There are 2 protein chains.
Amino acid sequence: MNNEAPRDGGQRKRDTLALLTRPAVDVWVATAGPGDTDTPQPHLVPVSLAWVDERAVIAVEETSRTAGNITSSGTARLGVGPTRDVVLLDVRLERSLLVTDPAARELAERYAAQADWDPRTAGAGYRYLVLRPERIQAWREANEIPGRTLMRAGAWLV
Amino acid sequence: MNNEAPRDGGQRKRDTLALLTRPAVDVWVATAGPGDTDTPQPHLVPVSLAWVDERAVIAVEETSRTAGNITSSGTARLGVGPTRDVVLLDVRLERSLLVTDPAARELAERYAAQADWDPRTAGAGYRYLVLRPERIQAWREANEIPGRTLMRAGAWLV
């Protein structure tokens, strides 16, 4: 709990972009896939994030559950920041590129410039997933729950 | 990246329990539910955690997507800690109790003793979800990926 006044939308957007473009920032990636039964099964992993042209870019092993779930469902929910200064992004898969794909070259440079590792050094098994945000929410404490939605249907509200 | 030697299993278990029992610790709760179409939809929120008798206990609004997804699927995946010192728990729903249920009284006391809020003060719409860990993993950097599984099928391996 704190006693700070809630931030306005403009401040939250500036803080959100500062967080998403921070060097070596990580993101929790929540995905869903079919379970052993018919019950959908949640998955959650932390990975490095790059923010490139208003897209969230992650690099994941092609055979990972995260890659499989995003590829088949087209969707993920990302959480960034400590839990009392959160940014949540509901995203859709826009592009998927092998890290060795010549078409991924500029993306790879920009990913490596922000993240603290370069998946091109990890072998051929990695893919960049380019994720387009549809909704972005940001809040710190309970007094910031009102006004937490900064983007809806892919458009900034602030 | 760091240059520290990987922790052994015993140390990871001690660190994990220290984290899970820390006052006012939060947890990322990933769940899955049916989407608008047949595609499973991921959800992710940060909430306060209490660790009671080797169970993860969260308090959520009865009408929330998190409560609905866990109730219908029986499962969730929890992420605790900064992303470079993570503990991941695959859990199953063991019990669900309204915060006003007299049978929840001891649980409520223990939840309030660890969390920094008491859902009993928030009205009748909250439930405690008691989540039994089936698998627990803990790692810091890439050198701790081997040996990251501390619990499997509900039993500590270390």
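Note that the structure is a prediction, hence the values are computed from the model and not measured. Each chain gets a letter, A, B and so on, in the order its sequence line appears, and its residues count up from 1.
A continuous path of ILVMFWY side-chain contacts below 4.5 Å connects A:I58 to A:W51, so both sit in one hydrophobic cluster. Hydrophobic cluster membership differs between A:L49 and A:V52, with clusters built from Ile, Leu, Val, Met, Phe, Trp and Tyr side chains linked at under 4.5 angstrom. Residues A:V29 and A:V87 fall within the same hydrophobic cluster, defined by Ile, Leu, Val, Met, Phe, Trp and Tyr side chains chained together at heavy-atom separations under 4.5 Å. Linking Ile, Leu, Val, Met, Phe, Trp and Tyr residues whenever their side-chain heavy atoms come within less than 4.5 Å places B:V47 and B:I70 in a single cluster. Note on B:L107: it does not cluster hydrophobically with B:V91, by side-chain heavy-atom contacts below 4.5 Å among ILVMFWY residues.
Looking at every heavy atom in both residues, B:P42 comes nearest to A:A30 through CB-O, 3.5 Å. Summarising the geometry of B:P40 relative to A:P40, their closest heavy-atom pair is CB-CB, 3.6 Å, with the distance given to 0.1 Å. Closest approach of B:R84 and A:S48 over heavy atoms only: NH2-OG, 3.7 Å.
Considering CG of B:L44 and CH2 of A:W28, their distance stands at 9.0 Å, rounded to 0.5 Å. With rounding to the nearest 0.5 Å, the separation of CG in B:N69 from OG1 in A:T39 is 11.5 Å.
Atom CZ of B:R132 has more than 12 heavy atoms from other residues, nucleotides or ligands within 6.0 Å. The local environment of CZ in A:R152 is sparse, with at most 12 non-hydrogen atoms from other residues, nucleotides or ligands closer than 6.0 Å.
With contacts defined as side-chain heavy-atom distances shorter than 4.5 Å, the pair B:Q137/A:V45 does not qualify. B:Q41 is not listed as a side-chain neighbour of A:D90, based on a closest heavy-atom distance of 4.5 Å or more.
With a 4.5 angstrom heavy-atom cutoff, B:L88 touches chain A only via side-chain atoms. Contact annotation for B:V80: only backbone heavy atoms (N, CA, C, O) come within less than 4.5 Å of a heavy atom of chain A.
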